[in-house]
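Input: a single structure, listed below in structure tokens.
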Amino acid sequence: MNVVMERAKSAWLLAFGDVITLLITFFIMTIALNKGEISKIQKWVDKQVTQSYQKLSLEVEKQNLQVIKVDRTARGVLLTIQSDNAFKSGSYQPSEQLNAELLSLAKVITNIPLLNINQSAENKKVIEQAKQEGMQWYSEIRIEGHTDNDPINPFSRLRNNYFLSTLRAESVMQVLYLNSGLPAQQFSVSGYGEWQPIADNRSEEGKRKNRRVEILMTASFQKDTL
């Protein structure tokens, strides 16, 4: 009797062990499949960033833009306005040169993949599949203003570098928004004054680099909360 009970107990333990093994295997396979899907999505998003960068690079070269430079970063496509000819000294109004270059840029950004994702059949299919999974494609143009650490003239209405950097970013956004036809909700504006330098403010060259406006074009899938 004891032998039979021991055998039954051993069989039960083996069966339970098999179930646990199967569950662990299933769990690992699920993780692997999810990672595969995430990797595919990441590659697809990366492709949109690369194509957008390539299109903007060609346009910057074609138009021979001098004030606006374009780079491909991990966050997206970065356009940098970094020139003494970009704004009038101590002012937030774009110079004639910058205004002309922003007008050229506004006509191009409406057609880059990051901001006009439905322009191809392949992209429409991916977006539709994402919607079925409760995911939405969100694109954004973040415009950030930066200055050197030279104090603002105390008699100026601009008050401080934070105020100046914000107004410069705002003025750039206005030109792009009014001439691109893109919706207002795609734009965001920030000013950081002298608090995010990329060079040493103790030299004139460093200050020149720190006086800049950055336009970051980025996009991603986000969970639909509606």
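None of these values were measured; they are calculated from a predicted model. These numbers come from the heavy atoms of this one structure, side chains and all, not from hydrogens, waters or symmetry mates.
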Going from OG on S57 to NZ on K62, what distance comes out if it is rounded to the nearest 0.5 angstrom?
-> 14.0 Å
W44: what forms a ring pair (Phe, Tyr, Trp, His ring centres under 6.0 Å) with it, not counting sequence neighbours?
-> W137, F221
Between D84 and R211, is there a salt bridge with N-O shorter than 4.0 Å?
-> yes
Could you tell me which residues satisfy side chain to side chain contact (heavy atoms under 4.5 Å, CB included) with Q136, sequence neighbours excluded, listed by chain and number?
-> K131, Y138, D224
For a quick test of your reading: what N or O donor-acceptor pairs under 3.5 Å do the side chains of residues 162-169 make, sequence neighbours left out?
from, atom 1, to, atom 2, distance (Å)
S165, OG, N161, O, 3.2
S165, OG, Y162, O, 2.9
S165, OG, Y192, N, 3.2
S165, OG, G193, N, 2.9
T166, OG1, Y162, O, 2.9
R168, NE, S91, O, 2.8
R168, NH2, S91, O, 2.9

Above 12 or not: heavy atoms from other molecules or residues under 6.0 Å from CZ of R208?
-> yes
Contact check, side chains of L115 and L182, non-hydrogen atoms, under 4.5 Å = yes
Cluster overlap L103 with M217, hydrophobic side-chain contacts below 4.5 Å = yes
Are N210 and H146 close enough that some pair of their side-chain heavy atoms sits under 4.5 Å apart?
-> no
Residue set satisfying side-chain hydrogen bond (donor to acceptor under 3.5 Å, both in side chains) with R159, at least two apart, ordered chain then number -> none
Of the options Y92, Y177, F87, which is the one that meets V172 in a side-chain contact (heavy atoms from CB on, under 4.5 Å)?
-> F87
Could you go through the side-chain contact (heavy atoms from CB on, under 4.5 Å) check for I109 and I141 one step at a time?
-> CA-CA 10 Å; I109 62 175; I141 303 174; 4.1 Å; yes
Give a yes or no on whether a salt bridge exists between K125 and E122, defined as a side-chain N under 4.0 angstrom from a carboxylate O.
-> no
Heavy-atom closest pair, residues S180 and T110 | O-CG2, 2.6 Å
D46 and Q48: side-chain donor and acceptor closer than 3.5 Å?
-> no
To the nearest 0.5 angstrom, please state how far the CG atom of L65 sits from the OG atom of S83.
-> 12.0 Å
So CD of E96 and CG of N85: to nearest 0.5 Å the spacing works out to 11.5 Å
Which residue pairs pass the ring-ring contact (aromatic ring centres under 6.0 Å, His included) test with at least one member in residues 58-85, sequence neighbours excluded?
-> none
Between M135 and Q222, is any pair of side-chain heavy atoms under 4.5 Å apart?
-> no
Between the main-chain N or O of L114 and the side-chain N or O of S52, is there a donor-acceptor pair closer than 3.5 Å?
-> yes
Does Q54 reach the side chain of E59, with side-chain heavy atoms less than 4.5 Å apart?
-> no
Are side-chain N/O atoms of E140 and S188 paired as donor and acceptor at under 3.5 Å?
-> yes
Can you find a pair of side-chain heavy atoms, one from L79 and one from L105, that are under 4.5 Å apart?
-> yes
Do S139 and Q186 have a side chain donor and acceptor closer than 3.5 Å?
-> yes
Please examine the side chains of V213 and I143, heavy atoms only from C-beta on, and report whether any two atoms are closer than 4.5 Å.
-> yes
State whether the side chain of N201 and the backbone N or O of D148 hold a donor-acceptor pair below 3.5 Å, judged by distance alone.
-> no
N64 and Q66: CA distance, side-chain angles, deciding distance, side-chain hydrogen bond (donor to acceptor under 3.5 Å, both in side chains) verdict | CA-CA 6 Å; N64 193 29; Q66 299 296 311; 2.8 Å; yes
Would you check, one step at a time, whether the test side-chain contact (heavy atoms from CB on, under 4.5 Å) holds for Q174 with E170?
-> CA-CA 6 Å; Q174 286 291 336; E170 174 75 20; 3.0 Å; yes
Joint hydrophobic cluster, M173 plus L78, side-chain heavy atoms closer than 4.5 Å | no
Any chance you could measure K207, atom NZ, to D200, atom CG, to the nearest 0.5 Å?
-> 10.0 Å
side-chain contact (heavy atoms from CB on, under 4.5 Å) partner of I215, the single match among I68, T80, L176 | L176
Answer yes or no: is there a side-chain heavy-atom contact under 4.5 Å between N179 and K107?
-> no
Sequence-distant partners of K55, side chain to side chain contact (heavy atoms under 4.5 Å, CB included), two or more places apart = N111, I112
Is there a side-chain contact (heavy atoms from CB on, under 4.5 Å) between L98 and S95 once you walk through the steps?
-> CA-CA 5 Å; L98 175 57; S95 65; 3.6 Å; yes
Over 12 foreign heavy atoms within 6.0 Å of NZ, K69 | yes
Shared hydrophobic cluster for V175 and L178 (ILVMFWY, side-chain gaps under 4.5 Å) = yes
Between R212 and E214, is a salt bridge (Lys or Arg N to Asp or Glu O under 4.0 Å) present by the stated rule, with each step listed?
-> CA-CA 6 Å; R212 69 198 189 279; E214 296 178 339; 3.0 Å; yes
Distance-only polar pair, side chains of R142 and T218, donor-acceptor under 3.5 Å | no
Would you say the side chain of L216 lies within less than 4.5 Å of the side chain of T73, judging by non-hydrogen atoms?
-> yes
